[in-house]
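Here is the naming used below: chain letters follow the sequence lines, and residue numbers restart at 1 for every chain. No hydrogens, no waters, no symmetry mates; every other heavy atom, side chains included, goes into these values.
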Amino acid sequence: MSAKPRETANVGTGLWKATGMWAWLLFRISGLVLVFYLGAHILVISTSQWSEAGKTLNDLMKAFDHPVLILLDLALVVAVLYHALNGVRIILMDFGIGIKRHKIVYWVCMGVVVILFAIFAYVAFSFIITGEGVTG
Amino acid sequence: MRAETVSTHRGGMWSWLFQRITAVLLIVCLAIHLIFTHIVGIGDINYDTIGDRLAHAGFIAVDIILLAAGTFHALNGLRMVLMDYWFTSRKRALILTIVLWVIGLAALGYGIWALWPWIS
């Protein structure tokens, strides 16, 4: 039996194409990225707190203020926002909400991703340029 | 749409339901988490400021929900992906499920233990 019967089935029914395919593929990739990030996140933060007065943790957090790491952080925000909003779309579809206008629902969700990303990007770039947060 | 429907159907009803419940919990708690770490706390995250935050019971609750819901959602999501590739038979899927539950419960126990100085 083929290793990927489901993909084959989707091709056969004409489902493995266009927007839905990309929505599914990006959902899967962002999900996998987040699983591995979550593991690293829990491990690194929990183990770095046990040094004297959290010195390892403080050094690490200082290192994370580097522009390159702030930009990587922003890339992670994209993965989180995409996964969250596409997830909202899937839950809406499960409830049958907007199922007749599912393409519009998808693009509205992507619009929300862009708007929320703009907020996070503004904070990140302000910090990279001025070295200060935006909330004081 | 169909891709997700077929995929979730294969995972079982309870895993489908809990994936949705944890998704909603994660959206709420992750929003709080990201606002306080990325937007409010950017550049000012260290042992002391994290300690101040964790002095509030609300943040402890958010962190524990993130830990539990995040672990379940992540490992169940990983399970759904892996069941599409090598763990396709019922027997392999069962072994995968058991292994992931052991990893998940160990991670949850470890996470609570690591948070314990702030809980107690």
> Residues of residues 96-107 of chain B under 4.5 Å from chain A (heavy atom pairs)?
Replying inline: none

>> Could you report the tightest heavy-atom contact between A/Ala23 and A/Tyr106, atom names first, then the distance?
In response: CB-CE1, 3.6 Å

> Any side-chain heavy atom of B/Arg79 sitting closer than 4.5 Å to one from B/Leu82?
Replying inline: no

> Are B/Ile119 and B/Leu54 linked, directly or through other ILVMFWY residues, by side chains that come within less than 4.5 angstrom of each other?
Replying inline: yes

>> Just checking A/Phe127: does its CZ atom have more than 12 heavy atoms from other residues, nucleotides or ligands closer to it than 6.0 angstrom?
In response: yes

>> Looking at A/His83 and A/Ser30, would you say the former's side chain and the latter's main chain have a donor-acceptor pair under 3.5 Å?
In response: no

> In the single-linkage hydrophobic clustering (I, L, V, M, F, W, Y; side-chain heavy atoms under 4.5 Å), do A/Val88 and A/Ile104 co-cluster?
Replying inline: no

> By a 4.5 Å heavy-atom criterion (distance strictly below it), what part of A/Ile45 contacts chain B: side chain, backbone, both, or neither?
Replying inline: neither

> Same hydrophobic cluster for A/Phe36 and A/Leu76, using side-chain heavy-atom links shorter than 4.5 Å among ILVMFWY?
Replying inline: no

> Using a cut-off of under 4.5 Å for heavy-atom pairs, which of A/Ser48, A/Gly39, A/Ser46 has the most such pairs with chain B?
Replying inline: A/Ser46

>> For B/Phe18 and B/Asn76: C-alpha separation, side-chain torsions, deciding distance, then whether side-chain contact (heavy atoms from CB on, under 4.5 Å) applies.
In response: CA-CA 9 Å; B/Phe18 277 104; B/Asn76 191 44; over 6 Å; no

>> Quick check on the structure: residues of residues 56-66 of chain A within a heavy-atom distance below 4.5 Å of chain B, by number.
In response: A/Leu57, A/Asn58, A/Met61, A/Asp65

> Non-hydrogen atoms of chain A under 4.5 Å away: do they reach the side chain of B/Ile39, the backbone, both or neither?
Replying inline: both

> Can the ring centroids of B/Trp113 and A/Trp50 be said to lie less than 6.0 angstrom from one another?
Replying inline: yes

> Hey, mind stepping through B/Ile95 and B/Phe87 against side-chain contact (heavy atoms from CB on, under 4.5 Å) and telling me if it holds?
Replying inline: CA-CA 9 Å; B/Ile95 292 169; B/Phe87 297 88; 5.7 Å; no

> Taking all non-hydrogen atoms of both residues, which atom of A/Met93 and which atom of A/Ile97 are closest, and how far apart?
Replying inline: CE-O, 3.7 Å

>> Can you tell me if A/Trp107 has over 12 outside heavy atoms packed within less than 6.0 Å of its CH2?
In response: no

>> If the contact rule is any heavy atom under 4.5 Å from chain B, which residues of residues 108-123 of chain A qualify, in numerical order?
In response: A/Ile119, A/Phe120, A/Val123

> What part of A/Leu34 gets closer than 4.5 Å to chain B, counting heavy atoms only: side chain, backbone, both or neither?
Replying inline: neither

> Can A/Val33 be reached from A/Leu43 by stepping across I, L, V, M, F, W or Y side chains whose heavy atoms are under 4.5 Å apart?
Replying inline: no

> In residues 59-73 of chain B, which residues are in contact with chain A at a heavy-atom separation under 4.5 Å?
Replying inline: B/Leu67, B/Gly70, B/Thr71, B/His73

> What's the spacing between B/Thr22 OG1 and B/Leu17 CG if we round to 0.5 Å?
Replying inline: 9.5 Å

> What are the two closest non-hydrogen atoms of A/Ala124 and A/Ile70, and how far apart are they?
Replying inline: CB-CG2, 3.8 Å

> Given a strict heavy-atom distance threshold of 4.5 Å, which part of B/Leu34 is in contact with chain A: side chain, backbone, both, or neither?
Replying inline: both

>> Please give me the minimum heavy-atom distance between B/Gln19 and B/Gly77, naming the atom from each residue.
In response: NE2-N, 3.6 Å

> Considering only heavy atoms, which portion of B/Trp86 lies under 4.5 Å from any heavy atom of chain A: side chain, backbone, both, or neither?
Replying inline: neither

>> Starting from A/Leu81, can I reach A/Phe125 by hopping between I/L/V/M/F/W/Y residues whose side chains sit under 4.5 Å apart?
In response: yes

>> Using side-chain contact (heavy atoms from CB on, under 4.5 Å), reason through A/Leu74 and A/Val78 one step at a time and then give a plain yes or no.
In response: CA-CA 6 Å; A/Leu74 208 51; A/Val78 174; 5.8 Å; no

>> Between A/Leu92 and A/His102, is the side-chain contact (heavy atoms from CB on, under 4.5 Å) condition met? List the steps.
In response: CA-CA 9 Å; A/Leu92 289 177; A/His102 67 275; over 6 Å; no

